[in-house]
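Each remark here refers to the structure printed beneath this line.
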2 protein chains.
Amino acid sequence: MSARREAVRQALSGYSGFRSAQDLYTDLRAEGSKIGLTTVYRALQALSDSGEVDVLRTDDGEAVYRACDTESHHHHIVCRVCATAVEIEGPTVEKWAAEMGAKHGFSGVTHTVEVFGTCADCS
Amino acid sequence: MSARREAVRQALSGYSGFRSAQDLYTDLRAEGSKIGLTTVYRALQALSDSGEVDVLRTDDGEAVYRACDTESHHHHIVCRVCATAVEIEGPTVEKWAAEMGAKHGFSGVTHTVEVFGTCADCS
DNA sequence: TCATATTTTGACAACCGTTTTCGTTTTCGT
DNA sequence: ACGAAAACGAAAACGGTTGTCAAAATATGA
Ligand SMILES: [Zn+2]
Ligand SMILES: [Zn+2]
Ligand SMILES: [Zn+2]
Ligand SMILES: [Zn+2]
């Protein structure tokens with residue numbers, strides 16, 4: 001883990017919501033870091049490959065990242081206004097997805113589930 | 001509904017899976033149509049705005065479209081190999097998402113759910 | 001320590017899907 | 001048939017992301 005990658009991880013950990021690569025780049029530069037945008041992308045790629053951060057796509061196709069508390073399988077409920085996110089578990093959903101796969105003859109079933117809403121603070 | 005838009009809808013209806021704008025453009029040109037790529041994008045935008053087609057983002061951020069049988073809320077199980085998709089309903093999931101929202105004080109809760117796997121034909 | 005091999009970095013250009021622009025063509029109501 | 005309004009397509013612009021490559025940092029080992 002290089003110093004720059006650690007800096008990116010740290011910057012991401014400071015937020016409870018999902019952030020884009022460019023957001024993080026702006027944050028780091030604002031703090032005085034001389035990091036390059038390319039390096040931020042590379043760090044996020046590595047962190048997501050290793051499962052340390054979660055990635056998802058916004059409606060307009062931008063990748064956003066989050067340093068979650070757990071590395072085990074989970075989902076999120078994300079605020080549409082402030083982008084803060086809460087980690088949630090859904091045994092119900094896990095089972096449902098598996099059942100659906102089996103029912104339709106699909107193997108190697110995975111799923112993506114995200115919940116959106118407006119959080120209490122933003123209401 | 002203009003003729004070009006109708007052509008895009010028709011082209012999309014010919015497939016059971018999700019297709020990208022560029023895929024459809026290639027299909028239509030291959031059939032001899034003189035349609036432009038811009039028009040394909042515009043038609044898909046209109047169709048998705050009106051709820052006639054579903055849109056989702058692939059892992060690499062590309063938008064893909066599908067002409068579903070029903071316009072009411074539903075989800076899909078998508079084959080990772082041939083991209084064919086089956087429409088599925090999940091009362092269980094609907095309830096779970098709503099409960100999660102309420103539990104964490106979120107309002108106006110929506111959700112995205114997609115299931116992926118390898119279909120029977122591709123196994 | 002010093003020299004050398006390896007990895008990481010960042011400026012910049014390239015890439016690719018998508019949107020905007022704008023002049024032309026088609027459609028539609030009268 | 002006429003003019004207004006909408007749709008169209010080619011090309012340029014856009015924005016996020018990835019590739020390139022030379023310089024800088026770091027690790028290795030004599
Ligand atoms: Zn997470
Ligand atoms: Zn799950
Ligand atoms: Zn559908
Ligand atoms: Zn649902």
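Computation of the quantities below employed the complete heavy-atom set of this structure, encompassing side-chain atoms and omitting hydrogens, waters and symmetry-equivalent molecules.
- Side-chain contact annotation: Asp54(B) with His74(B), donor-acceptor N/O pair under 3.5 Å present.
- The side-chain heavy atoms of Ser20(A) and Tyr65(A), taken from C-beta on, include no pair separated by under 4.5 Å.
- Atom CZ in Arg57(A) sits about 12 Å away from atom P in dG17(C), given to the nearest Å.
- Residues of residues 20-43 of chain B that place a heavy atom closer than 4.0 Å to DNA chain D, in numerical order, are Lys34(B), Ile35(B), Gly36(B), Thr38(B), Thr39(B), Arg42(B).
- What separates CD of Glu62(A) from P of dT18(D) is a distance of 12 Å, to the nearest Å.
- The bend of the helix from dT1(C)-dA30(D) to dT30(C)-dA1(D), defined by the angle between the axes of its first five and last five pairs, stands at 20° to the nearest 10°.
- Rounded to whole angstrom, the span from the CG atom of Asp49(A) across to the P atom of dT18(D) amounts to 11 Å.
- For the residue pair Arg80(A)/Thr110(B), the side-chain donor-acceptor check at 3.5 Å is satisfied.
- Look at Arg4(B) and you'll find a side-chain N or O under 4.0 angstrom from OP1 or OP2 of dG9(D).
- Side-chain polar atoms of Ser16(B) and Thr84(B) form a donor-acceptor pair below 3.5 angstrom.
- Met100(B) has its side chain out of reach of Phe106(B): every pair of non-hydrogen atoms, C-beta onward, lies at least 4.5 Å apart.
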> Should His75(B) and His111(A) be marked as a ring-ring contact (aromatic ring centres under 6.0 Å, His included) after you check the CA-CA gap, both sets of side-chain angles, and the distance that decides it?
Replying inline: CA-CA 11 Å; His75(B) 303 286; His111(A) 60 271; over 10 Å; no
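- For the residue pair His73(B) / Glu94(B), a side-chain donor-acceptor distance below 3.5 Å is found, with atom types taken as modelled.
- dC8(D) atom C1' lies 11 Å from atom CZ of Arg5(B), rounded to whole Å.
- Ion pair Glu62(A)/Arg57(A) not flagged as a salt bridge, since none of the NZ, NE, NH1 or NH2 atoms sits closer than 4.0 Å to an Asp/Glu carboxylate oxygen.
- Here dC16(C) presents its C1' atom at 17 Å from CG of Asp59(B), a figure rounded to the nearest Å.
- Rounded to an integer number of Å, the gap from Glu6(B) CD to dC8(D) P is 12 Å.
- Atom CG of Leu44(B) and atom P of dA7(D) are 15 Å apart (whole Å).
- Nucleic acid contact class of Ala3(A) (heavy atoms, under 4.0 Å, all strands): none.
- Of the candidates Val86(A), Val78(A), Ile88(A), Val115(A) forms a side-chain contact (heavy atoms from CB on, under 4.5 Å) with just one, namely Ile88(A).
- Put simply, Ser2(B) has a side-chain N or O that comes within less than 4.0 Å of OP1 or OP2 on dC8(D).
- Here the side chain of Gln45(B) is nearest to one of dG9(D), dT19(C), dT8(C), namely dT19(C).
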